[in-house]
Amino acid sequence: MKPAPRHPGSGKSSPDHANTAMAKISRDSLLKPATYAAQRAEWRERVIPFKKLRTVHIGKQATVLFENEFTVRYQLQEMIRVDKSMETDDLAHELAVYNALIPTNQALKATLMLEFVDADIRDAKLAQLQGIEQAVWLKVDGHPPVHGRPIPGLDERNTDRASSVYFLSFQLSPEAARDFICGEAVAMGIDHPAYRHSVDEISPETQSVLMEDLKLN
């Protein structure tokens, strides 16, 4: 197996490094654009299966991706690759904003994506789904459901229709987090008038990786 791309100043590689610490991402830990470009194929090779394990599909149009240090780091590296001026001009702001997507204090962080194959109907569908970001829930067996809440600084609300992407925080109680880690069943769903779907139990593989997020909180 090829070694994973390394972060400067880190003795560990990613995504393994992402599973051993839930520290915030610093400017100094990010790769320079040229270095990242040379390693980008390796990063993409790893991030696709890594994200797949952290993904829950709720119905046909809604996908929840649970974020962590590695997924956020990858997003930042991609942003810098596209806009190299970010490295000096906007990086401090983006770091402050996107670090909020790293799990903390029994809170799982996630990106909700609403996807419609037919672009012609997308706007009409999104208009029907206004407020859906308040309707996504996660439930640990034996505990009340926890609704995701938009993460300040990341969500830009549209007043007449839903956005196609939302960034959510699921704040678990210490007891629910403990039982999540102990393997109690975890369900997810969306309870919106125009979109009601649920998953009775997320996969054991997904729950396992999310357990690690909670253990590192």
Side-chain angles (χ1 to χ4, degrees), residues 1-57 62-105 107-115 151-156 163-170 202-217:
M1 182 180 296
K2 292 184 293 185
R6 292 181 177 272
H7 302 316
S10 168
K12 296 182 181 292
S13 58
S14 193
D16 298 327
H17 175 54
N19 285 332
T20 57
M22 203 60 75
K24 300 299 183 183
I25 298 168
S26 67
R27 178 191 294 268
D28 291 343
S29 73
L30 291 167
L31 298 174
K32 298 293 184 182
T35 305
Y36 176 69
Q39 298 183 8
R40 184 171 181 250
E42 296 177 55
W43 279 66
R44 288 177 60 81
E45 182 181 331
R46 286 163 176 78
V47 79
I48 292 171
F50 190 82
K51 285 185 173 183
K52 185 175 181 179
L53 278 176
R54 307 180 67 85
T55 296
V56 178
H57 299 285
T63 300
V64 176
L65 167 65
F66 286 95
E67 307 279 2
N68 79 342
E69 195 267 5
F70 179 57
T71 64
V72 174
R73 182 180 293 277
Y74 173 75
Q75 177 68 15
L76 286 166
Q77 293 284 182
E78 283 291 300
M79 291 167 68
I80 295 170
R81 181 187 70 87
V82 172
D83 182 2
K84 294 181 176 60
S85 69
M86 268 188 55
E87 190 183 6
T88 55
D89 298 342
D90 302 321
L91 189 53
H93 171 73
E94 297 299 337
L95 280 170
V97 169
Y98 278 88
N99 267 324
L101 267 174
I102 296 176
T104 54
N105 301 324
L108 294 171
K109 309 293 181 70
T111 299
L112 168 67
M113 294 165 281
L114 302 174
E115 302 167 299
I151 299 174
L154 279 169
D155 274 320
E156 296 179 1
S163 172
S164 58
V165 177
Y166 287 101
F167 303 98
L168 304 176
S169 175
F170 295 88
I202 66 174
S203 74
E205 294 81 8
T206 296
Q207 184 166 355
S208 179
V209 297
L210 299 182
M211 286 178 188
E212 296 304 312
D213 291 353
L214 292 173
K215 289 177 183 177
L216 292 169
N217 273 221

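In this chain, numbering begins with 1 at the start of the sequence shown.
Here OH of Tyr74 is found 5.5 Å from CZ of Arg40. Values are rounded to the nearest 0.5 Å. Rounded to the nearest 0.5 angstrom, Met113 CE and Phe167 CZ are separated by 9.0 Å. Separation of atoms CD (Gln39) and CZ (Arg46) is listed at 10.0 Å; rounding is to 0.5 Å. In this structure, CD1 in Ile202 is found 5.0 Å from CD in Gln207, a value given to the nearest 0.5 Å. Between the CG atom of Leu108 and the CG atom of Leu101 there is a distance of 12.0 Å, given to the nearest 0.5 Å.
For the side chain to side chain donor-acceptor pair (under 3.5 Å) test with Thr111, the passing option among Lys51, Glu67, Arg54 is Glu67; the others fail. Gln77 pairs in a side-chain contact (heavy atoms from CB on, under 4.5 Å) with only one of the listed residues (Leu31, Val72, Ile25), which is Leu31.
The closest donor-acceptor contact from the side chain of Lys109 to the backbone of Ala100 lies under 3.5 Å. A donor-acceptor contact shorter than 3.5 Å links the side chain of Ser203 to the backbone of Thr206. A donor-acceptor pair under 3.5 Å is absent between the side-chain atoms of Glu94 and the main chain of Leu76, judged by distance alone. A distance-only check finds no donor-acceptor pair linking the side chain of Arg27 to the backbone of Leu95 [under 3.5 Å].
What you find for Ala62 and Leu114 is that their closest heavy atoms are CB-CD2, 4.0 Å. Between Asn99 and Lys24, the shortest heavy-atom distance links the atoms O-NZ, 3.0 Å.
By the 30° and 60° cut-offs, the orientation of the rings of Tyr36 relative to Trp43 is perpendicular.
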Could you walk me through whether Thr71 and Phe66 pass the side chain to side chain contact (heavy atoms under 4.5 Å, CB included) check? CA-CA 9 Å; Thr71 64; Phe66 286 95; over 6 Å; no

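Within the 4.5 Å cutoff, the side chain of Val64 has no heavy atoms near those of the Leu168 side chain. Two residues are said to be in side-chain contact when any heavy atoms from C-beta on lie closer than 4.5 Å; Pro103 and Leu214 fail this criterion.
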